[in-house]
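Each chain gets a letter, A, B and so on, in the order the sequences are listed, and its residues count up from 1.
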Number of protein chains: 2
Amino acid sequence: MTRRAPRQADIAALAGVSQATVSVVLGGNQGGVRMSEDTRLRVLAAAEKLGYVPDPVATRLASRRNHMLGLYTFKATFPTDVADSYYPILVGVEEQAAALGQDLILFTGADGRGERTHDEAAIRRTKIADGCLFFGRHVPVASIEKLVETGFPLVYIGRRDELEGRIPFVGADYVSASAAVVDRLVSLGHRNVRYVRENDDAPSSTDRERGVVEAAARAGVECRVVRDEAPVDEWRRDGVTAVVVEETDTHAAYRAVRAAVDGTDLSFAVLGRPPEGGTDVTGFEVPRREMGRRAVELLVELITGDPGDLHQLLPCTPVPGTTVKDVR
Amino acid sequence: MTRRAPRQADIAALAGVSQATVSVVLGGNQGGVRMSEDTRLRVLAAAEKLGYVPDPVATRLASRRNHMLGLYTFKATFPTDVADSYYPILVGVEEQAAALGQDLILFTGADGRGERTHDEAAIRRTKIADGCLFFGRHVPVASIEKLVETGFPLVYIGRRDELEGRIPFVGADYVSASAAVVDRLVSLGHRNVRYVRENDDAPSSTDRERGVVEAAARAGVECRVVRDEAPVDEWRRDGVTAVVVEETDTHAAYRAVRAAVDGTDLSFAVLGRPPEGGTDVTGFEVPRREMGRRAVELLVELITGDPGDLHQLLPCTPVPGTTVKDVR
DNA sequence: CTGAAAGCGCTTACAG
DNA sequence: CTGAAAGCGCTTACAG
């Protein structure tokens, strides 16, 4: 039942040529080797007769590239709970990988005994692929640096500034998008704003804060930053008219603020999209799918040795919404 | 910058031993070769120093194992729309793969030019992995048969009966689960039931119908099957008291029936969970995550040559719900 | 025009 | 105890 599959040597024997000639013929003679049509046909006929199928493993070993891209995440690749924010990126990654003829290896971060580890060995295993995408709020700097140093092609999804800019990335331009939200508030007459953020210093958080603070400063409006709390009564006493809130995978800040401002006349905007979806809340859309696509694109460019911009920030799409009132 | 990756020969040179000895040491000396502890440590140290990572392609070519499991789907692995039903399976697959120390290769079904194809060549490429999971409503019989014939380990997610049972699978026991729903209706006094299904003959559909029809026959109650329509007025004229509806990725039948029976006093059950979630609609929960886990388990058993049951049907969990009335 | 050889990076008998 | 050799099935220079 489990017959040995025919290989090029078998074809060669049947056609009366060398195995190398078989390889050349079946490979479509990319090298442009001169060869009699008769030989070519004999080889093809023999291959057909034997039902030959090339062994992809051997093919890849011999040809140095395996057309596989790694995807390494610092939590489960398919998270149980935060599917919303993560999933679109995967969709984009797969889309573009398929478009470029690349397979994807999901590194589960397992150590053989089943523990999900993120030590150097686990990260090193990504070298199985031609290159690797990394995704997570943290960067294990030492391990990643070793990878970068060997010239292994890698791309982070999300902006990174570790290793003096030697980490290629495709991220979202949270600074501009966040500033645009504040600009809008200002244009509608708001002069006293609060920004509520979570207590985590990933780039996606600091970028948002920076955008908010800078835009407020430029416009000369007051905008205090608070972490993880929503003292609405105090705000209203202080004359605050609008609240901006960060949105993360935990949705913690958003939920707290939303609950607090509901039923008040405070204007309200979110730096992203609310977990419940919809287009009524003022904010912006993070181009996650596009980030996935572009990350794959950049990675393949790195592999083929002709990369474009190593640090890409994609624009977010503003969502006007209806939760910001005109107070002029 | 792009230094060549270290290989066993480099380690051998550094440690002053032969390349074969390196292979033995790094392979954990499975063969029980006698070897001085000193040599072993020297090799290990050299490997660590060089940051050695085994080449999985070469490993597989030489040993036929690379600890990678393939995942081949006949649509995008990360579908844009049907995330609900599909995602939990992926979660289970990843979970169990990680637990067993296996990485996952997502076959994007792309040919080199970017077209998503499902021809024989695309399916044959799965042989890069030690084995492969297949998932989709259809079975490209000829291609799968060739794979099975060469002894390549594969497992389908979802019951299959093609190839005279030679396709190993892990599916859900829709027959029993569907019968249980009808049994419940009968126990509550319903004697005239309609079953609405979609017009697609995948096993998951035919199994549901079979469960419904057989349970009704056993109980001696009338249960007509209709496809893709919900003539509620006619049903009520005919004395129907309960409607059961199939649930698929398209949600078409469910939505049509739900809209039709809403506001009437007809009892209502779904063979699965409604797309809107919740536990109020009577039906059952398909153990998707568990299916993913078990499929990986079976695949690894096939690879290691000690498989359990090749055809596994997992029980679905009944959801009592509140949409079925007592009419006794 | 075609074949013989080397090599991709590993594993696995087999010698000593 | 360790090394040399063969081999997995292919591709790619390199000889003739």
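If you measure from atom CD1 of A/Ile11 to atom P of D/dT11, you get 11 Å, rounded to the nearest angstrom. Here C/dT12 presents its C1' atom at 15 Å from CG of B/Leu26, a figure rounded to the nearest Å.
Contact annotation: B/Ser18 does not reach the phosphate of D/dA4 (side-chain N/O to OP1 or OP2, under 4.0 Å).
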Verdict with supporting geometry, A/Gln102 and A/Val300, side-chain contact (heavy atoms from CB on, under 4.5 Å)
CA-CA 9 Å; A/Gln102 311 285 318; A/Val300 170; 4.1 Å; yes
Quick one: do A/His311 and A/Val170 satisfy side-chain contact (heavy atoms from CB on, under 4.5 Å)? Show the steps, please.
CA-CA 6 Å; A/His311 299 148; A/Val170 173; over 6 Å; no
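With a cut-off of 3.5 Å on both pairing distances, the Watson-Crick or G-U wobble partner of D/dA15 is C/dT2.
Within a 6.0 Å sphere centred on CD of B/Glu37, other residues, nucleotides and ligands contribute more than 12 heavy atoms.
A gap of 15 Å separates the C1' atoms of C/dT11 and D/dG3, to the nearest Å. D/dA13 and C/dC1 have their P atoms separated by 22 Å, given to the nearest Å.
Two residues are said to be in side-chain contact when any heavy atoms from C-beta on lie closer than 4.5 Å; B/Phe134 and B/Ile123 meet this criterion. Counting only heavy atoms from C-beta outward, the side chains of B/Leu314 and B/Arg294 approach each other to under 4.5 Å. Considering only heavy atoms from C-beta on, B/Ile105 comes within 4.5 Å of B/Phe107 through its side chain.
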Give each protein N/O atom lying under 3.5 Å from an N/O atom of nucleotides 6-10 of chain C, with the pair distance.
{"unit_1": "C/dC8", "atom_1": "O3'", "unit_2": "A/Arg64", "atom_2": "NH1", "d": "3.3"}
{"unit_1": "C/dC8", "atom_1": "O2", "unit_2": "A/Ala62", "atom_2": "N", "d": "3.4"}
{"unit_1": "C/dG9", "atom_1": "OP1", "unit_2": "A/Arg64", "atom_2": "NH1", "d": "3.4"}
{"unit_1": "C/dG9", "atom_1": "OP1", "unit_2": "A/Arg64", "atom_2": "NH2", "d": "3.3"}
{"unit_1": "C/dG9", "atom_1": "OP2", "unit_2": "B/Arg7", "atom_2": "NH1", "d": "2.7"}
{"unit_1": "C/dC10", "atom_1": "OP1", "unit_2": "B/Tyr52", "atom_2": "OH", "d": "2.6"}
{"unit_1": "C/dC10", "atom_1": "OP1", "unit_2": "B/Asp55", "atom_2": "N", "d": "3.1"}
{"unit_1": "C/dC10", "atom_1": "OP2", "unit_2": "B/Gln8", "atom_2": "N", "d": "2.9"}
{"unit_1": "C/dC10", "atom_1": "O5'", "unit_2": "B/Tyr52", "atom_2": "OH", "d": "3.4"}

